[in-house]
2 protein chains.
Amino acid sequence: MTTHTAPGWVTALEQAKGPLGRGSTAERIADVLRTQVTDGHIAPGTRLSEETVGAALGVSRNTLREAFRLLAHERLLVHELNRGVFVRTPHPDDVTELYRLRRLIEGAAVREVAGAPDRAIDEIRRSVEEGEQAAAEQRWPDVATADLHFHRAIVRLAGSPRLEAFMDRIHAELRLAFHATGDPQRFHAPYLNRNRELLTALQTRDTRQAEIHLTAYLDDSERQLLRTLHDTAHP
Amino acid sequence: MTTHTAPGWVTALEQAKGPLGRGSTAERIADVLRTQVTDGHIAPGTRLSEETVGAALGVSRNTLREAFRLLAHERLLVHELNRGVFVRTPHPDDVTELYRLRRLIEGAAVREVAGAPDRAIDEIRRSVEEGEQAAAEQRWPDVATADLHFHRAIVRLAGSPRLEAFMDRIHAELRLAFHATGDPQRFHAPYLNRNRELLTALQTRDTRQAEIHLTAYLDDSERQLLRTLHDTAHP
DNA sequence: ACCGTATGGATTGTTCAACGATCCATCAAG
DNA sequence: CTTGATGGATCGTTGAACAATCCATACGGT
């Protein structure tokens, strides 16, 4: 008879099949729209006509509406009854709340570094090097995404996939605010040194020092974003 | 000429109209299904046929699918491609993560009590009294919802509507796990005293003591839930 | 000019019917 | 016992249709 408990390679397959099982059409459409919005190719405030977008992407209205629901639930789009969906225009109050959330959650995640596996720290280190490399070659968009990866890896210290997904949405919403300013790409460059310092603090498990660097980063970033947002609003 | 900056009563109207502006049919259907699921009237694992449910609620399949997307995104339902939607069956690993999240976030929220307005503390007090009253009258379901309100009010200390919405979903998912056990209602009754103690700690702004009571509550609750869940799985 | 109303076009909200794709249970063959 | 084929049920997606709603415009009274 065969073994009754599943052999190791079976569970390995189960984990690998995740990305394989492609989503439905609505989810793939949602993926397309999400990257278009978070990359700033569709400006905040833009109205997404069901007919126009549906024709452009080659899907029916019903399917497109499912995708819209997805993205509206992620707060990237706002759904106004009988008026349609629009790319969200972030309000300064939203920015304030987003940073309050980051302070709360990324701060709590940093405090969990004691029980985190080395693999998690390595991931943070890799994102820092990724950013430094991109900056050395003046690839500013890549610097921005590396910064995203950096904070994503920090959240991962908490060890909760649900929290990761939640913070992914928070970070995506924040990118919307960046794009509402003029030049979103150079935004992240000044913080490369701070990320490196935060990394070394984490590597030595110096929770106190790590929290100091983190809140300093978040405070400065919030101040700069709010100021730029205010300037572009009153030109 | 009229004032160019909006008078106070205008913004008051804007806030009040929230509940008035009824949602779409899909959202109302989602509300119905959500309460049915979180109240345990539809058991975990149940398959929700588009045709059957659509006929029962009097909406078309397309509209129903929009509601399903909503609830699947809230993790109350699981959407399997070409198989349909099912009421989520919580796994013990999920329970572990849910409690890890509660420790992390409710703990961080408690730490914010210093900067919280008195109104926030009052809301917590009210939920405690609500639970004590319900328990005195043996209304156990109301005890459970009061406990929910209690923790909801704690999360509100953090001052982030997005975090509140997130934790609402976490708590809803947890109710699913409660319903997977036999008697979900008496679950919350033993913790009334602890809630009262946690409240007094918060009222005196004793952060340290509040955290102790909170983690004690969460640890015990998690242990009890996991044990009961394990027992019912192997009867 | 100012205000309320009516009118019409455009877009969304919702339903319905249809067809292909996929899953699942069943059964037959090896 | 495994493999492969068959058929039914359900989902995935589309296209069309109609009602409901919003918006801009024009009209008429003051």
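Convention: sequence-line order gives letters A, B, ...; per-chain numbering from 1.
Among the atoms of the strands shown, none is found under 4.0 Å from any heavy atom of Gly54(A).
Of the two residues contacting DNA chain D, namely Val85(B) and Thr63(A), the nearest-nucleotide position lying further toward the 5' end is that of Val85(B).
The CZ-C1' distance, from Arg47(A) to dA10(C), rounds to 9 Å in whole Å. Between Phe68(A) atom CZ and dT12(C) atom C1' the separation is 11 Å, expressed in whole Å. One atom, CG of Asn82(B), and another, P of dC11(D), lie 10 Å apart when rounded to the nearest Å. As rounded to whole Å, 13 Å separates atom P of dC16(C) from atom CG of Leu64(B). The distance from atom CG of Leu57(B) to atom C1' of dT14(C) is 15 Å, rounded to the nearest whole Å. Between Glu50(A) atom CD and dA10(C) atom P there is a gap of 17 Å when expressed in whole angstrom units. If you take CD of Glu66(A) and P of dT12(C), they are 17 Å apart, rounded to a whole angstrom. Straight-line distance from the CZ atom of Arg83(A) to the C1' atom of dT12(C): 11 Å, rounded to whole Å.
Remark: Gln36(B) CD is packed, more than 12 non-hydrogen atoms of other residues, nucleotides or ligands lying under 6.0 Å away.
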For Leu163(A) and Ile105(A), run side-chain contact (heavy atoms from CB on, under 4.5 Å): C-alpha distance rounded to whole Å, both residues' side-chain angles, the deciding distance at 0.1 Å, then the answer.
CA-CA 9 Å; Leu163(A) 189 64; Ile105(A) 290 182; 3.8 Å; yes
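Side-chain contact of His151(A) with Arg102(A): a donor-acceptor pair under 3.5 Å is present, judged by distance alone. In this model, a donor atom of one side chain and an acceptor atom of the other lie less than 3.5 Å apart for Tyr191(B) and Gln224(B).
For Asn62(A), the side-chain atoms get nearest to dT15(C) when compared with the rest of dT15(C), dT22(C), dG13(C).
Side-chain atoms of Arg61(A) come within donor-acceptor range of the base of dG13(C), with a qualifying N/O pair under 3.5 Å.
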